[in-house]
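Remember, predicted model here, so these are calculated numbers, not experimental data.
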Amino acid sequence: GLDEKAKELYEGTDKCIVFSPGASIFATIGYLMDWAPFYRACVSDQPLIKAFVEHLTDFYVKLCEAAMKKFGKFVQVVMISDDLTYQQGLLVRKSIIRDLFMPSYKKIIDAIKSNSDAKVLFHICGSSYLVHDLLIEVGVDAVHPVQVSAEGMDDTASLKKEWGDKLVFWGGGIDTQHVLPFGTPEEVRREVRRRILDLAPGGGYIFGNVHNIQRGVPPENIVAFFEEAIKWRDYPIKVDELAKEI
């Protein structure tokens with residue numbers, strides 16, 4: 001029934017239609033093996049990891065090909081989810097990510113793009129900037145959630161300057177670990193303005209909170225977050241006015 005649902009949404013709404021097959025390779029192997037043995041095997045038993053990767057890749061390529069042939073014309077974005085980084089850096093060496101996992105993502109993304117006009121969004125928590133170059137090489141169009149509280153991610157102006165002509169940033173609108181739950185409404189508004197000023201000019205930005213809004217967040221902070229985003233969302237971005245409000 002996904003094809004009927006996609007067609008209904010495409011024809012009946014003005015929303016962006018996102019299909020999420022998951023297509024997780026790295027994390028799925030970690031769950032299957034347990035994390036400590038998985039991390040060790042990434043170094044000491046790479047043939048085993050490659051066997052897992054090949055089987056998962058074959059599955060996800062077939063899944064994405066079938067899905068896109070069936071309803072790809074109604075879908076604008078396909079989301080792949082795999083956390084390759086965490087709050088302080090890479091989960092494994094970059095060479096391991098490049099050699100063992102990136103060829104798999106490329107095959108999956110090729111299967112998506114050869115059977116649709118959809119853009120590919122890659123969900124990756126943590127210090128994702130460390131692998132932006134690898135993601136771009138395999139065909140990723142956008143990254144989510146732009147975890148601004150992770151190491152190397154707070155300087156969103158620099159992220160935009162370095163990668164903004166190649167990647168869409170989806171998220172990054174508020175630090176949901178510190179500012180949204182523990183800041184004042186004015187602090188929330190100030191950060192929203194800063195992130196829009198950093199990431200939105202010139203396009204290539206989809207505003208949103210980082211991760212999900214957790215329980216315990218003051219309702220007035222949630223209201224301030226959305227009100228401020230709505231106030232400044234229209235293009236062209238009012239850069240001069242925003243700069244005065246930071």
Measuring from atom [atom1] of [X] to atom [atom2] of [Y], what distance do you get when rounded to the nearest 0.5 angstrom?
| X | Y | atom1 | atom2 | answer |
| --- | --- | --- | --- | --- |
| M68 | D117 | CE | CG | 11.0 Å |
| F26 | I96 | CZ | CD1 | 8.5 Å |
| L91 | W35 | CG | CH2 | 7.0 Å |
| I29 | C42 | CD1 | SG | 7.5 Å |
| D133 | M102 | CG | CE | 8.5 Å |
| K73 | I17 | NZ | CD1 | 14.5 Å |

Can you check whether [X] reaches [Y] side chain to side chain, under 4.5 Å on heavy atoms?
| X | Y | value |
| --- | --- | --- |
| L9 | K5 | yes |
| V131 | I97 | yes |
| V143 | F169 | yes |
| M33 | F52 | yes |
| H123 | D82 | no |
| I49 | V53 | yes |
| Y60 | K107 | no |

For a ring-ring contact (aromatic ring centres under 6.0 Å, His included) check, start with the C-alpha distance between F225 and F207, then their side-chain angles and the critical distance, and finish with the verdict. CA-CA 11 Å; F225 168 71; F207 182 89; 5.3 Å; yes

If you count heavy atoms of other groups shown closer than 6.0 angstrom to [atom1] of [X], is the number above 12?
| X | atom1 | result |
| --- | --- | --- |
| D165 | CG | yes |
| Y39 | OH | yes |
| Y31 | OH | no |
| K113 | NZ | yes |
| K119 | NZ | no |
| K94 | NZ | yes |

For a side-chain contact (heavy atoms from CB on, under 4.5 Å) check, start with the C-alpha distance between L84 and L90, then their side-chain angles and the critical distance, and finish with the verdict. CA-CA 6 Å; L84 305 169; L90 296 164; 5.9 Å; no

Of all the heavy-atom pairs spanning [X] and [Y], show the shortest one and how long it is.
| X | Y | answer |
| --- | --- | --- |
| M79 | S20 | CE-OG, 3.6 Å |
| G139 | V120 | O-CB, 4.3 Å |
| P21 | L63 | CB-CD2, 3.9 Å |
| V239 | P201 | CG2-CG, 4.0 Å |
| Q147 | M153 | O-CB, 3.1 Å |
| A224 | P185 | CB-O, 3.8 Å |

Does any donor atom in the side chain of [X] or [Y] lie under 3.5 Å from an acceptor atom in the other side chain?
| X | Y | result |
| --- | --- | --- |
| N209 | T176 | no |
| S127 | E151 | no |
| D198 | Y205 | no |

Side-chain heavy atoms under 4.5 angstrom apart, residues restricted to Ile, Leu, Val, Met, Phe, Trp, Tyr: same cluster for [X] and [Y]?
| X | Y | answer |
| --- | --- | --- |
| V168 | L159 | no |
| I136 | V146 | yes |
| V77 | L135 | no |

[X]/[Y] ion pair, N-O < 4.0 Å:
| X | Y | answer |
| --- | --- | --- |
| E65 | K69 | no |
| R233 | E227 | no |
| E137 | R98 | no |
| K7 | D3 | no |
| D154 | R195 | yes |

Check whether any side-chain N or O of K160 sits under 3.5 Å from a backbone N or O of L199 as a donor-acceptor pair, and report yes or no.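 Between the backbone of L199 and the side chain of K160 there is a qualifying donor-acceptor contact (under 3.5 Å).
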
Centroid-centroid distance, F19 to F71, less than 6.0 Å: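 Yes, close enough.
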
ring-ring contact (aromatic ring centres under 6.0 Å, His included) between Y105 and F122: does it pass, once the steps are laid out? CA-CA 10 Å; Y105 302 131; F122 201 102; 5.2 Å; yes

Before giving the answer on side chain to side chain donor-acceptor pair (under 3.5 Å), spell out for D175 and H178 the whole-Å C-alpha distance, their side-chain angles and the decisive distance to 0.1 Å. CA-CA 6 Å; D175 172 5; H178 307 100; 2.8 Å; yes

With side-chain contact (heavy atoms from CB on, under 4.5 Å) as the test, would you mind laying out the steps for V138 and I108 before giving the verdict? CA-CA 9 Å; V138 298; I108 295 168; over 6 Å; no

Evaluation steps, side-chain contact (heavy atoms from CB on, under 4.5 Å), between V188 and E228: CA-CA 9 Å; V188 169; E228 201 66 19; over 6 Å; no

Classify the ring geometry of F101 against F38: parallel below 30°, tilted from 30° to 60°, perpendicular beyond 60°.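 If you compare the ring of F101 with that of F38, the planes turn out perpendicular.
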
Can you check side-chain contact (heavy atoms from CB on, under 4.5 Å) on E191 and V148, steps first, answer last? CA-CA 11 Å; E191 176 157 358; V148 296; 3.9 Å; yes

